[in-house]
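For reference, the structure is listed below as structure tokens.
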Amino acid sequence: MDILHYLKTQHESIRANYQRVVEAKAPKDRKTQLECLVRSTQVYLTLQRDFLYPELAGSFSSADSLISASEGNARSLDKALKSIVNTAAKPALDAAAFEDKMVLLGRALSTHFDQEEQNLLPKVRDFIRTEDREDLGLVFADAEQDLLAALNGKDDSSSARRKRA
């Protein structure tokens, strides 16, 4: 799978997870949906930090500045995630504070995804060979399974990660 398709699919999935949190009315449902959003976003950000950014560093003229912008957006996104998790964990949930933090999280998601979709991903398409993009997509898919297994408390050491040639 091409990394461009993989990332776009992840963006759509995380946006849908965010929307499910927004639409959840029952506290238990909201908590479940929020956990799903946090998990999928953390896996996504980890994969980018550990695999995508190192792969792209120096690969085209503006790569480092685009990576730097994406990393800054990722830090803001991570901070917004932690803030909403802290708010949701309080025994007496302040609905107004939760909604305010959801708005901030939504903005952070939009900023991060828009910057990637409008700036970074077109450069990746232009400067990275299709075969290399497909290889990186496979690395992401394998690493995602490993990360999810680790988050779920399963040690899946038998899974063979694909190595870049």
Side-chain angles (χ1 to χ4, degrees), residues 1-24 29-88 97-130 132-148 150-152 162 164:
M1 168 188 311
D2 190 312
I3 190 64
L4 299 174
H5 176 73
Y6 180 91
L7 291 171
K8 185 70 173 149
T9 301
Q10 291 302 308
H11 292 179
E12 291 167 3
S13 175
I14 292 170
R15 284 180 175 122
N17 288 343
Y18 172 83
Q19 195 58 41
R20 284 192 286 278
V21 175
V22 169
E23 294 170 356
D29 186 35
R30 182 181 308 145
K31 181 180 184 229
T32 300
Q33 296 302 327
L34 181 60
E35 288 170 355
C36 182
L37 173 62
V38 169
R39 183 176 45 253
S40 63
T41 305
Q42 286 176 333
V43 166
Y44 167 81
L45 293 174
T46 299
L47 290 172
Q48 284 193 317
R49 182 192 67 231
D50 293 351
F51 296 99
L52 182 64
Y53 299 151
E55 181 74 20
L56 297 180
S59 62
F60 50 90
S61 63
S62 58
D64 294 340
S65 64
L66 290 173
I67 290 168
S68 179
S70 287
E71 288 173 330
N73 290 337
R75 283 189 297 276
S76 296
L77 181 51
D78 190 49
K79 188 176 180 179
L81 275 173
K82 288 177 182 171
S83 178
I84 199 156
V85 166
N86 288 338
T87 299
F98 184 82
E99 288 180 23
D100 289 345
K101 298 212 184 214
M102 281 299 293
V103 168
L104 293 174
L105 177 59
R107 286 184 191 143
L109 284 167
S110 290
T111 298
H112 184 74
F113 293 159
D114 291 348
Q115 187 273 336
E116 281 188 356
E117 291 170 5
Q118 295 168 13
N119 300 313
L120 185 64
L121 298 184
K123 294 287 188 181
V124 170
R125 181 179 312 283
D126 291 343
F127 292 101
I128 307 293
R129 293 178 331 139
T130 301
D132 292 336
R133 292 193 323 257
E134 289 173 351
D135 188 31
L136 188 57
L138 293 173
V139 169
F140 260 58
D142 286 346
E144 177 185 22
Q145 293 305 310
D146 291 346
L147 284 170
L148 288 171
L151 286 173
N152 292 328
R162 297 178 196 268
R164 300 262 318 154

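Basis for what follows: all heavy atoms, side chains included, without hydrogens, waters or symmetry-related copies.
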For A74 against L45, the heavy-atom pair lying closest together: CB-CD2, 3.8 Å
NZ/NE/NH1/NH2 to OD/OE distance under 4.0 Å, D78 and R75: no
Nearest atoms (heavy-atom pairs only) where A63 meets G58: CB-N, 4.0 Å
Pi-cation contact, Y6 with R133 (under 6.0 Å, within 45°): no
Check: T9 side chain, H5 main-chain N or O, donor-acceptor pair, under 3.5 Å: yes
Atom pair CG (L66) and CG (L56), whose distance is rounded to the nearest 0.5 Å: 9.5 Å
Inter-residue atom distance L77.CG - L105.CG, 0.5 Å rounding: 6.0 Å
Ring geometry between F113 and H11 (parallel below 30°, tilted from 30 to 60°, perpendicular above 60°): parallel
Pairwise side-chain contact, F98 with V21, heavy-atom cut-off 4.5 Å (strictly under): yes
Aromatic plane relationship, F127 with F60 - under 30° parallel, 30 to 60° tilted, over 60° perpendicular: parallel
Where I128 and S59 come nearest, the two heavy atoms and their spacing: CD1-OG, 3.8 Å
Atom pair OG1 (T111) and CG (N73), whose distance is rounded to the nearest 0.5 Å: 6.0 Å
Criterion side-chain contact (heavy atoms from CB on, under 4.5 Å) on L138 and E134, from CA distance to verdict: CA-CA 6 Å; L138 293 173; E134 289 173 351; 5.8 Å; no
Distance, nearest 0.5 Å, that separates CG of L109 from CE of M102: 8.5 Å
Minimum side-chain heavy-atom gap Y44-E144 below 4.5 Å: no
Atom of F51, atom of A143 and distance for their closest heavy-atom approach: CE1-CB, 3.6 Å
Sidechain N-carboxylate O distance under 4.0 Å for E117, R15: yes
Where S70 and Y53 come nearest, the two heavy atoms and their spacing: CB-OH, 3.1 Å
By side-chain hydrogen bond (donor to acceptor under 3.5 Å, both in side chains) - contacts of E23 (at least two apart): Q19
Any side-chain donor near an acceptor of the partner, Q48 and H112, under 3.5 Å: yes
Rounded distance [0.5 Å steps], CG in L81 versus CD in Q42: 6.5 Å
Salt-bridge contact K123-D64 (side-chain N to carboxylate O under 4.0 Å): no
Would you mind writing out the side-chain donor-acceptor pairs for residues 32-40 within the sub-3.5 Å range, not counting sequence neighbours?
from, atom 1, to, atom 2, distance (Å)
T32, OG1, K28, O, 3.0
Q33, OE1, R20, NE, 3.4
S40, OG, N17, ND2, 3.0
S40, OG, C36, O, 3.1
S40, OG, L37, O, 3.1

Inter-residue atom distance L120.CG - L52.CG, 0.5 Å rounding: 6.0 Å
